[in-house]
Amino acid sequence: MDNVNRRDFIKSIAATGALAGVPAQAAESGGQGPIFLSTWKHGKPANERAAQIFSKGGSLLDAVEKGINVVEEDPTITTVGYGGLPNSEGIVELDAGIMDGTRHRAGAVCGLRDVKTPISVARLVLEKTTHTTLGGMGLREFAEKMGFHFEQLLTPESLKRWMEWKADPHHMTYWISPENHDTIGMIATDGKGHIAAGCSTSGMAWKIPGRIADSPLVGCGFYADDTAGGASATGDGDLMTNYCTSVSIVHLMARGASPQEACEDLLRNMVKTEAKNKESACAVIALNARGEVGAASMNSGMHLQYALWKNGESLLLDAKHVY
Ligand code: SD4
């Protein structure tokens, strides 16, 4: 049976219920192995850990969580977790979220202080509560109850950078415009039709305390749905939140777009609504259960590298820019 006929055949028996309980995309995937797709260079070790966890029998969510932990725990990465640059008061505030595309459920944490691994706290919001997103004092108490240790997240390097920023009389603030980026976003498929996604960030350096952007918001920084695929976003989250970036990409895929088409369409739509978005620092990645990958940045000023783990190979690739 050639590929097209095989797909039609699978669709037709799926429609009759003969494959009840098996996602149509799983049937179509041809049983390829797991795939891990992450943002930026640090996505490579994250994917490698995720693949290792999965190969040892961990779930897809375990893989995404533990993969993202690698980046969160690395003090040399100044945009995620421990060592992330702080807010304007010199306090590190972390955002993270994780979503299970099978249960269609997420867990997320906003502005978490003193815990190195916010994605793991988000995972427990998903697994241990009927809530989706926690923030404020209640989040701190939840993390404590779950056994997380509070520790100083500033490293000598991030403290030095904050003090330099603070001492500069002309320093940039978020009452004006943005600075750094490099969030970790990860999307995974098990090759059998299941999708999971996660995202973790320290947000924009020197942000106004309490600022929450796209990364911990379901449908903005991350989204996963077994029936269509998953997506994640990196860059100017204050802007992208207004476009519900990740869910918009997944909905485009649900209507038939490939992950690459969906990523590019989303970025083009942002420019259709507001021409100056062409200059913005926005980038997205997407994956469907057939193992097709998409990655794009808005313009050549934002050069997105993304990491792909597939068939035992761990690659770092350059995303296309739309403008
Ligand atoms: C934020 N979107 O807090 C995040 C930052 C980011 O790559 O993704 N940087 O706005």
Side-chain angles (χ1 to χ4, degrees), residues 37-44 46 68 71-72 74 76-81 83-88 91-99 108-113 118-119 122 133 135 153 158 161 172-187 197-223 230-249 263 266-267 270 277 279-286 295-299 301-307 316 318-319 321:
L37 173 69
S38 295
T39 54
W40 304 112
K41 194 170 75 172
H42 49 226
K44 199 164 177 273
I68 287 177
V71 183
E72 293 178 326
D74 185 339
T76 67
I77 296 169
T78 58
T79 49
V80 179
L85 293 175
N87 66 21
S88 59
I91 299 165
V92 180
E93 288 183 326
L94 303 176
D95 300 329
I98 188 163
M99 185 160 184
V109 297
C110 302
L112 180 63
R113 298 178 176 189
I119 195 82
T133 311
L153 299 185
S158 62
R161 295 220 11 216
M172 179 282 292
T173 76
Y174 274 91
W175 302 104
I176 309 166
S177 73
E179 202 193 85
N180 81 316
H181 54 79
D182 275 7
T183 291
I184 172 92
M186 182 186 288
I187 315 159
C199 189
S200 182
T201 191
S202 52
M204 294 293 177
W206 334 133
K207 62 192 175 185
I208 296 169
R211 175 256 195 196
I212 306 295
D214 59 336
S215 302
L217 301 183
V218 184
C220 294
F222 65 100
Y223 198 71
S232 185
T234 178
D236 182 351
D238 293 310
L239 173 62
M240 285 190 286
T241 295
N242 297 287
Y243 291 89
C244 298
T245 322
S246 294
V247 71
S248 301
I249 290 172
C263 287
L266 180 280
L267 295 171
M270 288 178 67
N277 287 343
E279 314 307 325
S280 64
C282 297
V284 288
I285 57 171
S297 68
M298 184 66 90
N299 51 53
M302 188 183 194
H303 171 211
L304 172 71
Q305 285 194 303
Y306 66 99
L316 187 63
D318 293 313
H321 51 87

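Reckoned from all heavy atoms, side chains included, excluding hydrogens, waters and symmetry mates. Position 1 is the first residue of the sequence, and the numbers go up from there. Read the numbers this way: they start at 1 and go in the same order the structure lists the ligands and their atoms.
Counting heavy atoms closer than 4.0 Å to ligand 1, residue Asp214 contributes side-chain atoms (C-beta onward) but none from N, CA, C or O. Counting heavy atoms under 4.0 Å from ligand 1, residue Arg211 touches it through the side chain alone.
Interatomic distance, CD1 of Ile285 versus CD1 of Ile249, reported as 9.0 Å (0.5 Å rounding). Here the SG-CG distance, from Cys282 to Asp214, works out to 8.5 Å after rounding to the nearest 0.5 Å. One finds the OG atom of Ser200 at 10.5 Å from the CZ atom of Phe222 (value rounded to the nearest 0.5 Å). Atom NE2 of His42 sits about 10.5 Å away from atom CG of Leu316, to the nearest 0.5 Å.
Per-residue contacts place Ala213 under 4.0 angstrom from the following atoms of ligand 1 (heavy atoms of the residue considered): 1 (C), 3 (O), 10 (O). Listed by number with element, the atoms of ligand 1 under 4.0 angstrom from any heavy atom of Asp182 are 7 (O), 9 (N). Listed by atom number, the atoms of ligand 1 under 4.0 Å from Ser215 heavy atoms are 2 (N), 4 (C).
Listed by chain and residue number, Arg113 satisfy the salt bridge (charged side-chain N to carboxylate O under 4.0 Å, His left out) test with Glu93 (two or more places apart in sequence, or in another chain).
When every heavy atom of Ser88 is checked against every heavy atom of Pro209, the shortest pair comes out as OG-CD, 3.3 Å.
Where the criterion is an N or O separation shorter than 3.5 Å, residue side chain and backbone included, Ala233 fails it with respect to ligand 1. Residue-to-ligand polar distances place Gly237 within reach of ligand 1: an N/O pair is separated by less than 3.5 Å. On a distance-only criterion, Thr234 and ligand 1 share at least one N/O pair closer than 3.5 Å.
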